[in-house]
Amino acid sequence: MPLAFYSHGLTGSSSLYSYQAISLASEGYLVMCLEHRDGSAFGTKKECGEVVKFDRSPSLMGEEEEILYRRNQINIRTNEIIIACRSLLALNDNDDDALRELGISFRNVLDKRGVLACGHSMGAGTAVCVASRIPNLISGIIAHEPTLNWMPDDARKSFLGRDPTYKGGDVIGYTMNEKVSVFDKVMNIMQRKKCSIHELHMLIVWSEEWYNKGWGESQRVDKMLLDGFLGSKKTLSKVLTIKGAHHTFASDCGMLLPTWLTRPLQITGPACPHESAELAKELSHQFVGMLHKEAKASL
């Protein structure tokens, strides 16, 4: 059974991407949806009962200060996912006591060759960051509108650094001010790269809204693909834009609320949100179909 994770966007939750997550499950994936505890989720509760509320403080910061804050949040999110992925892969060898009591076992059924890294917005930036740090544990990337400029220095260098014109970011570039804990340093030592992120298959999907505004380094990524700086000759790298879509195309938001409300509020664009979500799903299905085909050929 192949594995995947889907990381939620800013103000999102693990349940807000049910359409995309279930579509991956329909392709045979065991999909892990995390609720991040860095303050970017709408709200989440720890096992002890403590509620982690949405952190509104970045909205009161200046632009540079907010970017640095978001980069640190993605660093926290990345460590959460790496730990979760390793724990999930370990279930192939050893049963978890709590799952055993429920009669659930993943022993000898999980595909340990890699995890499909997926996400939307800040979650897509998190997925790319995870892939840049542990590419040997990742089978591919599906990034729905990634906030690449919010990724920490090492991830931006790994993913965008191939472009000779990239200097670390338009508003604020590479900096030594990002918080690096002892835990992060240990994680970086443990995650010695065996390959580059550009040796992974990747699908990057933008909304027309973000692409036209150049947000998230969208136009740079498109140019990197054209100039041969994205991916490699041995991998499939696709960068696509959904016409008429706004930023929420990958989440359930646009499908849960009426368009007479979401369009004036600029939550959804002129395209039907259901059709945009369906197109994102179909692009993912085509992509994972290629991954399955390659996996079978390697057996």
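We number each residue from 1, following the sequence as shown.
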Handout entry: Close aromatic pair by centroid cut-off 6.0 Å: His274 and Tyr19
Key = no
Handout entry: Tyr17 and His8 aromatic centres sub-6.0 Å
Key = no
For [X] versus [Y], what's the shortest heavy-atom pair and its separation?
X	Y	answer
Ala84	Leu34	CB-CD2, 3.9 Å
Gly119	Ala124	O-CB, 3.3 Å
Leu203	Leu283	CD2-O, 3.6 Å
Arg156	Gly173	NH2-O, 3.4 Å
Leu3	Leu88	CD2-CD2, 4.1 Å
Ala280	Gln20	CB-NE2, 3.8 Å

State whether a side-chain donor-acceptor pair under 3.5 Å links [X] with [Y].
X	Y	answer
Thr248	Ser251	no
Arg77	Ser7	yes
Thr262	Thr268	yes
Asn75	Arg133	yes

Exercise for the section: Output, in order, the C-alpha distance, side-chain angles, deciding distance and verdict of salt bridge (Lys or Arg N to Asp or Glu O under 4.0 Å) for Arg37 and Glu47. Expected result: CA-CA 12 Å; Arg37 294 175 176 174; Glu47 290 81 357; 3.4 Å; yes
Under 3.5 Å donor-acceptor pairs involving side-chain atoms of residues 140-152, not counting sequence neighbours:
| residue | atom | partner | partner atom | Å |
| --- | --- | --- | --- | --- |
| His144 | ND1 | Tyr6 | OH | 2.8 |
| Glu145 | OE1 | Ser207 | OG | 2.9 |
| Glu145 | OE1 | His247 | ND1 | 2.6 |
| Glu145 | OE2 | Ser207 | N | 2.5 |
| Glu145 | OE2 | Ser207 | OG | 2.9 |

Practice task
Verify side-chain hydrogen bond (donor to acceptor under 3.5 Å, both in side chains) between Thr235 and Ser232, making sure each step is shown before the conclusion.
Solution key: CA-CA 5 Å; Thr235 59; Ser232 69; 3.2 Å; yes
With a 4.5 Å limit on heavy-atom distance, are the side chains of [X] and [Y] in contact?
X	Y	result
Glu65	Pro58	no
Phe229	Leu160	no
Cys85	Met32	yes
Val115	Phe5	yes

Handout entry: Within 45° cone and under 6.0 Å: Lys238 NZ/CZ vs Phe287 ring
Key = no
Handout entry: Residue pairs, two or more places apart or on separate chains, that pass side chain to side chain donor-acceptor pair (under 3.5 Å) and touch residues 98-107
Key = Asp95-Ser105, Asp97-Arg100
Handout entry: Pair Glu278 + Lys281, salt bridge at N-O below 4.0 Å
Key = yes
Practice task
Take Asp163 and Lys223 through the test salt bridge (Lys or Arg N to Asp or Glu O under 4.0 Å) and record every step on the way to the result.
Solution key: CA-CA 9 Å; Asp163 180 355; Lys223 190 174 185 301; over 6 Å; no
